[in-house]
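Heavy atoms only: backbone and side chains are in, while hydrogens, waters and symmetry mates are out. Lettering of chains follows the sequences in order, A, B, ..., and the numbering in each one begins at 1.
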Number of protein chains: 2
Amino acid sequence: MKKSLLGQRMKAFRERCKDLGLSLTYQRLSIYKALLQVPGHPSPDAIYQVVRKTYPSISLATVYKTLDRFEKSGLVSKVNPLHETARYDPKVEHHHHLVCTECKHVEDLDPQELTRPLPLDPRSLGLPEGRCRDFDVADYTITFKGVCQACRRRLARAPRTGAGAA
Amino acid sequence: MKKSLLGQRMKAFRERCKDLGLSLTYQRLSIYKALLQVPGHPSPDAIYQVVRKTYPSISLATVYKTLDRFEKSGLVSKVNPLHETARYDPKVEHHHHLVCTECKHVEDLDPQELTRPLPLDPRSLGLPEGRCRDFDVADYTITFKGVCQACRRRLARAPRTGAGAA
DNA sequence: TTACCTGCAAAGTATTTGCGCGTTC
DNA sequence: GAACGCGCAAATACTTTGCAGGTAA
């Protein structure tokens, strides 16, 4: 990442934090900077290892807490999973998933069910040439995120209370 | 799941195991059956809880080992993640991912980069009516799985040895 | 000054592993 | 009978939490 762009992003980050009422600490600044600089979507530990070089006293717990704070504030996104633990599916053929963001329930969706069929071959999906050259793409899956019927009903009865909801 | 279909699937499973040289134990049979019966893509623990009702002496470790074995044999698929630990991304806008199945490296792909643009609204993607009614879909992400350039090179130099590769 | 944030250490949860006994083939 | 698979318990990995002292605003 170019130095000027990095500076620009860091500046935007500072402002965003201010708006959100988040204190600007060197830990937060360096964690965010590491996230911008480390390619490939680092894990909390990977970020910790990077930040530690500059601030040896930082703790892994702080990195976890901070990333969680950032995510809840919409400053970063968690690549992962809608569900953190392993989940298995007896279906091994190419298919997509509907995941409930509330209860983590997962439903399968057969590609044939799509009324606007998509090509099976990921290359035909419009991946730019350059990316295909770098990345030998073998397969793709669409993950639809939403709220299932049961959860919608439950939420309607007992909606999220307080002003906490971002 | 209808009883007849279940029986049919179990039969196919037995045959598949035989072909693969996997011993047929009641643990494996009941774990696979639970996977077919429990909706929503159960976790190892959820499967354990189900199987335990019938075979109280089964251990959770066996469930883990068995599911792993099944996955490596192509009998089941892991819904999750290409990477088990948390991974963060500074980008919060709607975007897709390219994930290297070897090193777990993740790259972002902007929807605009697709030469064949897809609608932003997941409903326009051809989700069948019925599913939309049940599931209030808010968003979708495409995950392209493949092997990155660095890993391709590495594999070319030191290809997977032995007959283990399925 | 005061509320917010950090580091530490301990706890919690998820998953893996080594090993001796039991079962399948 | 030999190879394979199982249950147990301990180990490991990842993540969260409570609290006392430190820091930003």
message: Treating A:Arg133 as the side-chain partner and B:Gln149 as the backbone partner, does any N or O pair qualify as donor plus acceptor under 3.5 Å?
response: no
- line: Taking for B:Leu22 and for A:Ser23 the nucleotide of DNA chain C with the nearest heavy atom, the one nearer the 5' end belongs to A:Ser23
- prompt: How close or far is atom P of D:dG5 from atom CD1 of B:Ile58, stated in whole angstroms?
  reply: 14 Å
query: If only side-chain N and O atoms of B:Thr25 are considered, is one of them under 4.0 Å from the OP1 or OP2 phosphate oxygen of D:dC6?
result: yes
Spacing of A:Tyr26 atom OH relative to D:dA24 atom C1', expressed in whole Å: 12 Å
- prompt: Taking all non-hydrogen atoms of both residues, which atom of A:Glu71 and which atom of A:Ser77 are closest, and how far apart?
  reply: CG-CA, 4.4 Å
- request: Please determine if B:Glu107 and A:Arg131 form a salt bridge, counting it only when a charged side-chain N lies under 4.0 Å from a carboxylate O.
  value: yes
query: To the nearest Å, how far apart are B:Phe70 CZ and D:dC6 P?
result: 9 Å
message: By nearest heavy atom, map A:Lys65 and A:Leu60 onto DNA chain D; which one lands nearer the 5' end?
response: A:Leu60
- request: Name the closest nucleotide to the B:Leu24 side chain, picking from D:dC8, C:dC25, C:dA14.
  value: C:dC25
field: Least distance between heavy atoms, B:Arg16 atom then B:Leu75 atom
entry: CG-CD2, 3.2 Å
field: Base-pair map of DNA chain C as dot-bracket, where | denotes pairing with a different strand and pairs are Watson-Crick or G-U under 3.5 Å
entry: |||||||||||||||||||||||||
query: Which ones in residues 41-57 of chain B lie close to DNA chain C, meaning a heavy atom under 4.0 Å from one of its atoms?
result: none
- prompt: Is B:Asp110 salt-bridged to B:Lys91, going by a charged N under 4.0 Å from an acidic O?
  reply: yes
message: Testing the basics here: between B:Ser57 and B:Tyr26, what is the closest heavy-atom pair and its distance to 0.1 Å?
response: OG-OH, 4.2 Å
- prompt: Should B:Asp136 and B:Arg123 be marked as a salt bridge (Lys or Arg N to Asp or Glu O under 4.0 Å) after you check the CA-CA gap, both sets of side-chain angles, and the distance that decides it?
  reply: CA-CA 10 Å; B:Asp136 185 19; B:Arg123 273 156 238 264; 3.3 Å; yes
- line: Here the pair of heavy atoms bringing B:Val79 nearest to B:His41 is CG2-CD2, 3.3 Å
message: Is B:Thr62 close enough to D:dG5 that one of its side-chain N or O atoms is under 4.0 Å from OP1 or OP2 there?
response: no
- line: Regarding the side chain of B:Thr85, the nearest nucleotide among C:dT15, D:dC14, C:dA9 is D:dC14
message: Just the rounded figure in Å: distance from C1' of D:dG5 to CG of B:Leu20.
response: 16 Å
message: Looking at B:Arg69, I'd like to know whether one of its side-chain N or O atoms comes within less than 4.0 Å of OP1 or OP2 on D:dC4.
response: no
query: How close or far is atom P of C:dT17 from atom CG of B:Leu67, stated in whole angstroms?
result: 15 Å
task: Return the value, rounded to whole Å, for the distance between atom CD1 of A:Ile31 and atom P of C:dT6.
output: 7 Å
message: Counting only side-chain heavy atoms from C-beta out, which of C:dA9, D:dG5, C:dG18 sits nearest to B:Arg28?
response: D:dG5
field: Any A:Tyr64 side-chain nitrogen or oxygen under 4.0 Å from OP1 or OP2 of D:dT15
entry: yes
field: Heavy-atom pair with the smallest gap, counting every atom of B:Val92 and A:Gly74
entry: CG1-O, 3.3 Å
message: By nearest atom, which of the nucleotides C:dG7, C:dT15, D:dG7 is closest to the B:Gln27 side chain?
response: D:dG7
- prompt: Taking the side chain of A:Ala86 as heavy atoms from C-beta outward, which of D:dT16, D:dG7, C:dT15 is closest to it?
  reply: C:dT15
task: Quickly work out the A:Lys78 NZ to D:dC14 C1' distance and round it to whole Å.
output: 11 Å
- prompt: Between B:Asp68 (CG) and D:dC6 (P), how many Å, whole number?
  reply: 13 Å
- line: Closest non-hydrogen contact found for A:Phe70 with A:Arg28 is CZ-O, 3.7 Å
